[in-house]
Amino acid sequence: MPGNHAVAYKGPGTVEIVQIDYPSFELRDGPGVNPANVGRKLPHGAIVKTLATNICGSDQHMVRGRTTAPVGLVLGHEITGEVVEVGPDVEFVAVGDIVSVPFNISCGRCRHCKAGKTGLCLNVNPDRPGSAYGYVDMGGWVGGQAEYVLVPYADWNALIFPDHDQALEKILDLAMLSDIFPTGFHGAVSAGVTVGSTVYIAGAGPVGLAAAASAQLLGAAVVIVGDLNQDRLAQARSFGCATVDVGAGRVEDQLEQLLGVPEVDAAVDAVGFEARSHGGGAQAAEAPAAVLNSLMNVTEAGGAIGIPGLYVTGDPGAVDDAAKVGALSLSLGTGWAKSLSFTTGQCPVMKYNRPLMQAILHERVQIARAVNATAIALSDAPRGYAEFDAGAATKYVLDPSGLLTD
Ligand SMILES: NC(=O)c1ccc[n+]([C@@H]2O[C@H](COP(=O)([O-])OP(=O)(O)OC[C@H]3O[C@@H](n4cnc5c(N)ncnc54)[C@H](O)[C@@H]3O)[C@@H](O)[C@H]2O)c1
Ligand SMILES: [Zn+2]
Ligand SMILES: [Zn+2]
């Protein structure tokens, strides 16, 4: 049986490569595993040899010590790989298939899954609806920043790429289907982006850049991306976005200079609860409601705000006691007066991953280029985490099998 090296959270600011068990068709106890999930039988699962597994801003929230993630948690929810073994209840996924794995784990059998709400599956997380690999409070499914990972309900969850060789050729683009491309697309769709829209996207991290590429794909007239990180703003400009430096002042003033009006048709929050205040330069203080309040100001009355950016119910490092339990100071009166709509929560990846795969395979979009996807060895994960945390304009793709970096 092969060994299984993986990336584990070892306390604020630290990740390490550890040796974990090769997956089995049963969920065993371990750091973060919900007691009610221990011993759960997984005959419907497939073991995937990981070919690409990306570091995400969602991982950073945990690694910065901004969640209640336990030390030892095996990280990783953005998984692309080759099926090497299937459980006795798997009918259609086969050994040798190259697959994208949605970061949401879902059963395909509950009423939410049947309604397409795979980010809210009722059967995978004993604590609350919704689950993911390698994530705090998500049931305790072992993370995929590892050489091998168990994918439950494989027939339902795995998106099989149609051609093996083509999949390997485009693997850096296809690796974005497990999370950020569908997530960015969902942000844009839920903000109502359509042909001719003017769009403001807060955040030029990988999710914001994926939302920007998605808005372009949806036919937006102009896509404006805001951040206080100059390298990331330059990355947004590299594929045709306009940019706003939120460190330099109010977003509405800068939008007015670009558009002639201080408002947009649609807005996306690709930042989340670790937002920085506006006008405070590159080192601005944290202000968790800054983006939400700003988006309510800049979205045209009757418009919609897509909120893929993560907000939590427990943040030990929050700026004040209210924010420690996820209570933010929102100007909801502004949102109400303008009849704005909000869409929050996990992206239901499965709703979008197949059509976005087709857009990649038929070269309608260059998502890896937009987010500057860069492969590094699994053993380099600590460096990848550190550089990403420092604001590199890079989407790091870990390469446990050596396919991408050798
Ligand atoms: N809903 C989902 O399903 C889902 C999926 C993936 C990621 N996420 C979340 O999306 C968010 C973005 O992910 P990412 O990987 O791009 O993270 P990231 O941390 O790399 O990017 C966030 C960016 O926001 C910028 N920022 C901070 N304050 C700002 C402000 N006031 N205005 C504009 N930009 C500001 C930061 O400088 C940074 O570049 C995270 O909260 C992540 O957890 C959600
Ligand atoms: Zn992610
Ligand atoms: Zn379900």
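Because the structure is predicted, anything quoted here is derived from the model rather than measured. Counting convention: from 1, in listed order, for ligands and their atoms alike. Just so you know, residue 1 is the first one in the sequence shown, and it goes up from there.
The closest protein non-hydrogen atom to atom 40 (C) of ligand 1 is His61 NE2, 3.4 Å. Among all protein heavy atoms, the one lying closest to atom 25 (C) of ligand 1 is Asp227 OD2, 3.2 Å. Closest protein heavy atom to atom 12 (C) of ligand 1: Ala270 O, 3.3 Å. The nearest heavy-atom contact from the protein to atom 43 (O) of ligand 1 is Ser58 OG, 2.7 Å. Of the protein's non-hydrogen atoms, the one nearest atom 5 (C) of ligand 1 is Asp179 OD1, 3.1 Å. Scanning the protein for heavy atoms near atom 26 (N) of ligand 1, the closest one is Val271 CG1, 3.7 Å.
Annotation: salt bridge (charged side-chain N to carboxylate O under 4.0 Å, His left out) contacts of Glu16 (sequence neighbours excluded): none.
Neither the backbone nor the side chain of Gln60 comes within contact range of ligand 1; no heavy atom lies under 4.0 Å. In Phe273, neither the side chain nor the backbone holds a heavy atom less than 4.0 Å from any atom of ligand 1. Of all the heavy atoms of Thr183, the ones lying under 4.0 Å from any atom of ligand 1 belong exclusively to the side chain. Contacts between Val207 and ligand 1, counted as non-hydrogen atom pairs separated by less than 4.0 Å, involve both the backbone and the side chain.
The aromatic rings of Tyr352 and His186 sit tilted, their planes meeting at an angle between 30° and 60°. Note: Phe273 and His61 have tilted aromatic rings, judged against thresholds of 30 and 60 degrees for the angle between ring planes.
Test Ile376, Thr53, Leu172, Thr405 against Val397 for side chain to side chain contact (heavy atoms under 4.5 Å, CB included) and you get one pass: Leu172.
By the 6.0 Å contact criterion, CZ on Arg354 is open, its count of non-hydrogen atoms from other residues, nucleotides or ligands being 12 or less. For NZ of Lys351, the number of neighbouring non-hydrogen atoms (other residues, nucleotides, ligands) closer than 6.0 Å is 12 at most.
Heavy-atom minimum distance, Pro288 versus Ala323: CG-CB, 4.2 Å. When all heavy atoms of Ala393 and Asp231 are compared, the pair lying nearest together is CB-O, 3.7 Å. Nearest approach of Pro206 to Thr394, heavy atoms of both residues: CG-O, 4.4 Å.
Nearest-heavy-atom check against atom 9 (C) of ligand 1 across Gly57, Pro308, Ala211 picks out Pro308. Across the listed options Gln346, Glu274, Lys395, Arg232, Arg232 owns the non-hydrogen atom lying nearest to atom 38 (C) of ligand 1.
Side-chain contact, Asn372 with Gln235: no donor N or O sits under 3.5 Å from an acceptor N or O. Side-chain contact check for Tyr311 and Asp269: at least one donor-acceptor pair (N or O, by modelled atom type) lies under 3.5 Å.
Residue contacts with ligand 1: Ala204 is placed with no nitrogen or oxygen under 3.5 Å of a nitrogen or oxygen of the ligand (distance criterion only).
Ion pairing between a basic and an acidic side chain is recognised when a charged N comes within 4.0 Å of a carboxylate O; Lys170 and Glu363 show such pairing. The existence of a salt bridge linking Glu26 and Arg40 is excluded, since no basic side-chain nitrogen approaches an acidic carboxylate oxygen closer than 4.0 Å.
Protein atoms of type N, O or S found under 2.8 Å from the Zn ion (ligand 2) total 4.
The closest approach between a heavy atom of Ile180 and any atom of ligand 1 is not below 4.0 Å.
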